[in-house]
Number of protein chains: 2
Amino acid sequence: MHVQVPDSVSTLGPCGGCAHCLTCEARSRSICSVISPEHSARLARYSHRLSVPQGRSFIEEGQPAEDFFIVTSGHAKLFSLMPDGRRQITGFANTGQFLGLASGKTYAFSAEALDALTLCRFSRSGLSTLRRDFPALENRLMEEASRELVQAQSRMLLLGRKTARERLASFLVEQHHLQSGLDHRPPSDRTLTLPMSRTDIADYLGLTIETVSRTLNALQREHLIVIRFVTLITLLDLAALEAMARGD
Amino acid sequence: MHVQVPDSVSTLGPCGGCAHCLTCEARSRSICSVISPEHSARLARYSHRLSVPQGRSFIEEGQPAEDFFIVTSGHAKLFSLMPDGRRQITGFANTGQFLGLASGKTYAFSAEALDALTLCRFSRSGLSTLRRDFPALENRLMEEASRELVQAQSRMLLLGRKTARERLASFLVEQHHLQSGLDHRPPSDRTLTLPMSRTDIADYLGLTIETVSRTLNALQREHLIVIRFVTLITLLDLAALEAMARGD
DNA sequence: CGTATCTTTGAGCTTCATCAATAGAAGTGG
DNA sequence: CCACTTCTATTGATGAAGCTCAAAGATACG
């Protein structure tokens with residue numbers, strides 16, 4: 001299976017801005033807005049901006065892992081497939097997240113754009129040079145790897161031991177925390193805009209779409225959430241959802 | 001919940017040897033046997049050897065993550081608990097593996113010795129100094145984080161999408177690969193010595209002990225394995241088990 | 001050698017998956 | 001703007017994989 005990056009994944013030219021983000025030590029996941037012209041010029045040599053349309057795949061599991069990416073806008077899903085088509089979404093990537101850290105010689109997952117997506121691409125072979133040029137990058141990489149490992153462990157607990165209700169509650173709370181971190185939303189806003197389909201949620205939580213649908217409607221019947229629209233959900237009782245997510 | 005390292009986890013003094021392993025770039029997970037006296041002396045300042053008896057816990061989830069460890073002999077299990085006692089083992093650690101990379105300010109998991117365990121302990125606060133002193137360590141850390149992330153993703157697929165049979169097959173094949181990598185065993189030996197109990201296997205695979213027991217016996221009835229003893233299993237048809245593990 | 005712990009085996013049940021039908025949303029072309 | 005198709009989501013009926021409860025059999029240990 002030989003897969004090229006499709007034509008519609010267009011290169012937009014060098015990117016100094018998001019490369020700066022790479023070396024930013026701030027805990028915030030948002031892209032740093034301030035960037036020195038000197039940094040920008042040096043980093044532009046390493047990075048390229050990419051634009052990926054909705055539904056387009058840009059990483060194929062098993063392909064040589066030549067690049068790694070940082071999401072600069074939009075959302076992506078990362079997943080593994082089994083021969084018979086069973087799918088597990090191992091994570092969603094939002095603005096500021098790294099893609100491709102978890103790879104050996106080949107990618108361990110596929111990645112697809114959930115909506116209009118822009119990326120910053122780096123060559124993995126150039127990574128050692130990049131790390132020498134920007135020592136602060138080391139910390140950023142370790143921090144990100146650490147964060148992803150912690151997340152992976154809580155997802156193993158979810159997939160291995162939680163009930164369908166607990167999984168959905170965990171998912172909703174997680175999305176809430178992700179979205180409440182965005183700067184353009186008031187922190188009191190408890191309405192989620194989900195960028196993914198029911199199928200994606202099911203494949204993320206290790207359930208079927210039917211169970212996702214039924215369980216969400218059960219949570220609505222119990223006045224824990226309101227499903228305003230398929231992709232628009234308001235959390236009525238965040239504390240109860242958090243308790244349910246923890247399993248107590 | 002305030003937990004101290006128990007008395008029976010004894011400090012054995014400085015460790016230059018396993019610290020050397022830290023900076024070793026070899027892909028092999030075994031401890032490097034060759035170590036320069038100069039390295040040894042410098043590294044002894046950072047590291048301490050620990051001995052942990054079977055069954056003893058030495059990392060508690062939620063405690064401040066002050067140290068990280070490298071296993072120098074024996075086996076450990078890493079796990080998360082839910083309030084009602086449900087448990088998910090997120091991984092087993094063998095000789096050469098890092099413990100505590102996946103941590104923020106507090107540990108994200110608990111860890112317990114499966115048998116007599118020796119560790120090399122490093123202070124996380126001293127990690128930045130250590131990294132400055134041993135630049136090769138950076139690569140080793142990233143390599144290890146990468147490996148663990150890839151492994152975490154394949155475990156999400158297992159926990160989210162595989163059947164009980166597929167989980168057991170995956171587990172057996174994984175153990176085979178781990179154990180066939182050890183230098184004191186002939187590569188043709190297909191008999192596993194499992195260091196963990198049925199309960200541990202169940203909590204690792206997201207199943208109950210009854211299902212683990214029944215499924216293993218089913219595999220034996222189909223002449224794929226022989227259960228010579230509770231902890232001693234021979235793989236009769238490795239290819240079939242690998243196919244089953246993949247899900248085809 | 002007796003007790004405690006772990007593992008196996010059996011019977012019944014629950015949760016979630018599967019299969020199937022309907023309803024709703026989104027896009028297409030006349 | 002409306003039929004028509006297509007895709008996605010919801011809802012219902014049924015079934016099976018794996019869990020729970022229970023008891024017997026092994027194994028470890030003092």
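Chain identifiers are assigned alphabetically (A, B, ...) following the order of the sequence lines, protein sequences preceding nucleic acid strands; residue numbering begins at 1 within each chain.
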Measure [atom1]/[X] against [atom2]/[N] and give the value in whole Å, please.
| X | N | atom1 | atom2 | value |
| --- | --- | --- | --- | --- |
| Leu159(B) | dC16(C) | CG | P | 16 Å |
| Leu168(A) | dT15(C) | CG | P | 16 Å |
| Arg165(A) | dT14(C) | CZ | P | 17 Å |
| Arg167(A) | dT15(C) | CZ | C1' | 11 Å |
| Leu219(B) | dT8(C) | CG | C1' | 15 Å |
| Arg221(B) | dT9(C) | CZ | C1' | 10 Å |
| Asn217(B) | dA24(D) | CG | C1' | 15 Å |

Can you see if the side chain of Thr211(B) gets near the phosphate of dC19(D) - specifically, an N or O under 4.0 Å from OP1 or OP2?
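Yes, within the criterion.
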One character per nucleotide, please: for nucleotides 25-30 of chain D, 5' to 3', B when the base has a protein heavy atom closer than 4.0 Å, S when only the sugar-phosphate does, - otherwise.
--SS--
Which residues within residues 195-209 of chain A lie with some heavy atom under 4.0 Å of an atom in DNA chain D?
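The stretch gives Ser197(A), Arg198(A), Thr199(A) as the residues lying under 4.0 Å from the strand, ordered by number.
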Identify, between Glu210(A) and Lys162(A), the residue whose nearest nucleotide on DNA chain C lies closer to the 5' end.
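Closer to the 5' end of DNA chain C: Lys162(A).
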Hey, which of these two, Thr163(A) or Ile227(B), hits DNA chain C nearer its 5' end, going by closest nucleotide?
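Residue closer to the 5' terminus by nearest nucleotide: Ile227(B).
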[atom1] of [X] to [atom2] of [Y]: how many Å apart, nearest 0.5 Å?
| X | Y | atom1 | atom2 | value |
| --- | --- | --- | --- | --- |
| Ile227(B) | Leu232(B) | CD1 | CG | 11.0 Å |
| Phe79(A) | Arg161(B) | CZ | CZ | 13.0 Å |
| Asp237(A) | Leu224(A) | CG | CG | 6.0 Å |

His223(B) atom NE2: more than 12 heavy-atom contacts under 6.0 Å
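At most 12 heavy atoms, drawn from other residues, nucleotides or ligands, come within 6.0 Å of this atom.
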Exam field: side chain Gln54(A) to backbone Leu114(A), donor-acceptor pair closer than 3.5 Å:
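Between the backbone of Leu114(A) and the side chain of Gln54(A) there is a qualifying donor-acceptor contact (under 3.5 Å).
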Please check this pair: side chain of Arg121(B) against backbone of His48(B), looking for a donor-acceptor N/O pair closer than 3.5 Å.
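No, Arg121(B) side chain to His48(B) backbone: no donor-acceptor pair under 3.5 Å.
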Is there a donor and acceptor pair, one atom on the side chain of Arg214(B) and one on the base of dG10(C), closer than 3.5 Å?
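Indeed, a donor on one side and an acceptor on the other fall under 3.5 Å apart.
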For Thr234(A), the option from Gln220(A), Arg190(A), Arg228(A) that meets side-chain hydrogen bond (donor to acceptor under 3.5 Å, both in side chains):
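Among Gln220(A), Arg190(A), Arg228(A), the one meeting side-chain hydrogen bond (donor to acceptor under 3.5 Å, both in side chains) with Thr234(A) is Arg228(A).
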In degrees rounded to 10°, what angle is found between the helical axes fit to the five outermost pairs at each end of the helix from dC1(C)-dG30(D) to dG30(C)-dC1(D)?
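That helix gives 50° between its end axes.
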When the ring planes of Phe98(A) and Phe68(A) are compared, do they come out parallel, tilted or perpendicular, using 30° and 60° as the limits?
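It falls in the parallel class, under 30°.
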Look at the aromatic rings of Phe69(A) and Phe58(A) and report parallel, tilted or perpendicular, splitting at 30° and 60°.
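If you compare the ring of Phe69(A) with that of Phe58(A), the planes turn out perpendicular.
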Compute both the distance and the angle, then confirm whether Arg155(A) meets the cation-pi test with Tyr204(A): under 6.0 Å from the six-membered ring centre, within 45 degrees of the axis.
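Because its charged atom sits under 6.0 Å from the ring centre and within 45° of the axis, Arg155(A) does stack over Tyr204(A).
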Decide yes or no on side chain to side chain donor-acceptor pair (under 3.5 Å) for Arg147(B) and Gln151(B), but give the supporting numbers first.
CA-CA 6 Å; Arg147(B) 203 187 54 76; Gln151(B) 203 172 279; 3.2 Å; yes
